[in-house]
Amino acid sequence: MSKIEKLRGFKDYYPEDMEKREWIFQNMRKIAKNFGFQPIDYPSLEFLEMYRLKSGDELVNQTYSFTDKGNREITLIPEATPSTMRMLVARKDLLKPIKWYNIPKLWRYEEPQSGRNREHYQFNADYFGESGVFVNSEIISLACEVLNSMGLKNLYVVRVNHRKLMEAILERIGSIDVASDLSIIDHFRKESVEEISGKLEEHGIKGQKLKNLVSLLSKSYRAEEMEESLSLIDRDLLNESGYKELRETLNQLKDNGYENIVYDPATVRGLSYYTGIVFEGFDREGKFRSIFGGGRYDGLSELFQGPPIPAIGFGMGDAVLENILRENNCWESVNKDKTYFIIGIGMEGKKVANHILYDLRRKGRKVSMDYSDRNLTNSIKHASSMGFQYIILVGEKEMRNKSITLRDLASGEQKIIGMDNLGEI
RNA sequence: GCCGGGUUGGGGUAGGGGAUAUCCUUGGGGACUGUGGAUCCCCGGACCCGGGUUCAAUUCCCGGACCCGGCCCCA
């Protein structure tokens, strides 16, 4: 039983990976704060029942769950929204609107594949207590700005739809089971037109109406193209509140300079709890899974035994984001601080160097020391291959002059600095 | 849960029913206890696991684990 291997679907992060992850998280936090969102956090374990309540057995089957020592059925959290919702309804005193974000670790027991592991981080942002076009566009623009901040501007597209509009469309073309038709439409880009048409036909959507629907689904539209495309189904759709809200949201985003945002009738986001607009972000080429996804879910607070609270939010996983950043070479170094490596020559030199080490640390510098017995050549070699930016040399010469030698490893330049002036470096 | 492809030092690889398992790179050390990335020399390090076939398996067969990808589902 000497298993010292990594669990399937889990990933180790070495310093070089952490540097990138930290950079991603820093950007997320920076933009969320910029938008006036406040950080929250919650446990990584919750009662399994909470997910049964919200998402049913389908999700529960994919959890890392177990019975604890007190016979409670608990699980590593598979998604963020229920915990956020639990926190929200537990506090009646909070001033609205409430704008929260966090970056929890989430777990799902499913087969690993590209852009999907059993453990991952997900940036989440939710806006509670207010609804409408401005709020919709704020939450979508937040997702966009997070991507923009990482150099992905113009490399992604956001597909937006509205649940109520979609339901209205389906009703008008004679759908008898809106929920299951939505889930058929959800597969529009994965299956052939024939397969999709066949399934819809079985549900009684036929003839010209089916043709019109398939034609509507087969592309995305700019705000000003919506009217024409929807008229094809039924002109009366233009009086639907869902249409108006969606169109105005798209206009609002465009007015604020967000360009790659389209109405996409094939974006419906599963069978879950969304009640208004829904949206998903993809890379431009459509090479990867969705980068983020979300929507309005006004009914959820009541399911959690709270008062009705309007809610909209999205989640952005780290795995697909990493795929895309890698593809576009978007990493930037996080660690821009200068780093120092102190080399003391001889026993006396090392003692003095060691004092300087602690002195510089107290002054806030990032500094390490060579405790090995290498010769100077190898010490410098070591320092440069470790990636230090400067070395500090303390030998007989320096001790005699009460100074240190500072060498810039990139340029090779050297200067002598008096020990009393160490603050200068 | 299902399907396809894979697994040889830390990374990348060659090979192969029996022999000291190849090469590159990385790591450690030295040439060179007062000035680095070059060069040369030395050293360390691998056949995923279990079972079967066989005189003999790292090689062939079966199963499993893990990796990559797809399905289901979708945070």
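Chain letters run A, B, ... following the sequence lines, proteins first, then strands; residues in each count from 1.
- Of all nucleotides present, none satisfies the Watson-Crick or G-U wobble test against B/A21 with each distance under 3.5 Å.
- Contact of the A/L76 side chain with the A/T63 side chain is not registered, since no non-hydrogen atoms from C-beta on lie closer than 4.5 Å.
- Between A/R8 and B/C67 there is a side-chain N or O to OP1 or OP2 distance below 4.0 Å.
- Relative to the ring axis of A/Y64, A/R108 does not place its NZ or CZ within 45° and under 6.0 Å from the centre.
- Within 4.0 Å of A/G349, counting heavy atoms only, lies no atom of the nucleic acid at all.
- Heavy-atom distances to RNA chain B give each of A/Y109 and A/I380 a nearest nucleotide, and the one nearer the 5′ end belongs to A/Y109.
- Counting any heavy atom pair closer than 4.0 Å across all strands shown, A/D408 reaches a base atom.
- In this structure, A/R29 fails the cation-pi test against A/Y101, since its NZ or CZ atom is not both closer than 6.0 Å to the six-membered ring centre and inside 45 degrees of the ring normal.
- Here B/G70 presents its P atom at 9 Å from NZ of A/K190, a figure rounded to the nearest Å.
- If you check B/A38 for Watson-Crick or wobble pairing at under 3.5 angstrom, you find it has no partner at all.
- For the pair A/K11 and A/Y13, the cation-pi criterion (under 6.0 Å, within 45° of the ring axis) is fulfilled.
- Of the candidate nucleotides B/G36, B/A75, B/C72, B/G36 has the atom lying nearest to any side-chain atom of A/S384.
- B/G27 sits 41 Å from B/G1 when the P atoms are compared, rounded to a whole Å.
- Looking at A/K30, its side chain never comes within 3.5 Å of a backbone N or O of A/S149 through a donor-acceptor pair.
- Around atom CZ of A/R361, more than 12 heavy atoms belonging to other residues, nucleotides or ligands sit under 6.0 Å away.
- Here B/G70 is the nucleotide among B/A75, B/C67, B/G70 with the atom lying nearest to any side-chain atom of A/Q113.
- Both tests hold for A/R159 against A/F282: distance to the six-membered ring centre under 6.0 Å, angle to the ring axis within 45°.
- Across the protein-nucleic acid pair, A/N117 atom CG and B/C67 atom C1' stand 11 Å apart, rounded to whole Å.
- Checking B/U35, B/C2, B/C74 against the side-chain heavy atoms of A/E111 singles out B/C2 as nearest.
- Judged by Watson-Crick or G-U wobble contacts below 3.5 Å, the nucleotide B/U33 has no partner.
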Contacts under 3.5 Å, N or O only, protein and nucleotides 26-34 of chain B:
| residue | atom | partner | partner atom | Å |
| --- | --- | --- | --- | --- |
| B/G30 | OP2 | A/N378 | ND2 | 3.0 |
| B/A31 | OP2 | A/N375 | ND2 | 3.4 |
| B/C32 | O2' | A/N375 | ND2 | 3.0 |
| B/U33 | OP2 | A/N375 | ND2 | 3.0 |
| B/G34 | O6 | A/E396 | N | 2.6 |
| B/G34 | O6 | A/K397 | N | 2.9 |
| B/G34 | O6 | A/E398 | OE1 | 3.4 |
| B/G34 | N1 | A/E398 | OE1 | 2.8 |
| B/G34 | N1 | A/E398 | OE2 | 3.4 |
| B/G34 | N2 | A/E398 | OE2 | 2.6 |

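- Residue A/H187 places none of its side-chain N or O atoms closer than 4.0 Å to OP1 or OP2 of B/C71.
- With hydrogens and angles disregarded, a donor-acceptor distance shorter than 3.5 Å links the side chain of A/Y221 to the backbone of A/L216.
- In this structure, A/G293 reaches neither bases nor backbone, as no heavy-atom distance under 4.0 Å exists between it and the strands shown.
- One P atom belongs to B/U59, the other to B/C49, and the distance between them is 10 Å to the nearest Å.
- In this structure, the CD atom of A/E16 is 13 Å from the P atom of B/G11, given to the nearest Å.
- One atom, CZ of A/F341, and another, P of B/U35, lie 17 Å apart when rounded to the nearest Å.
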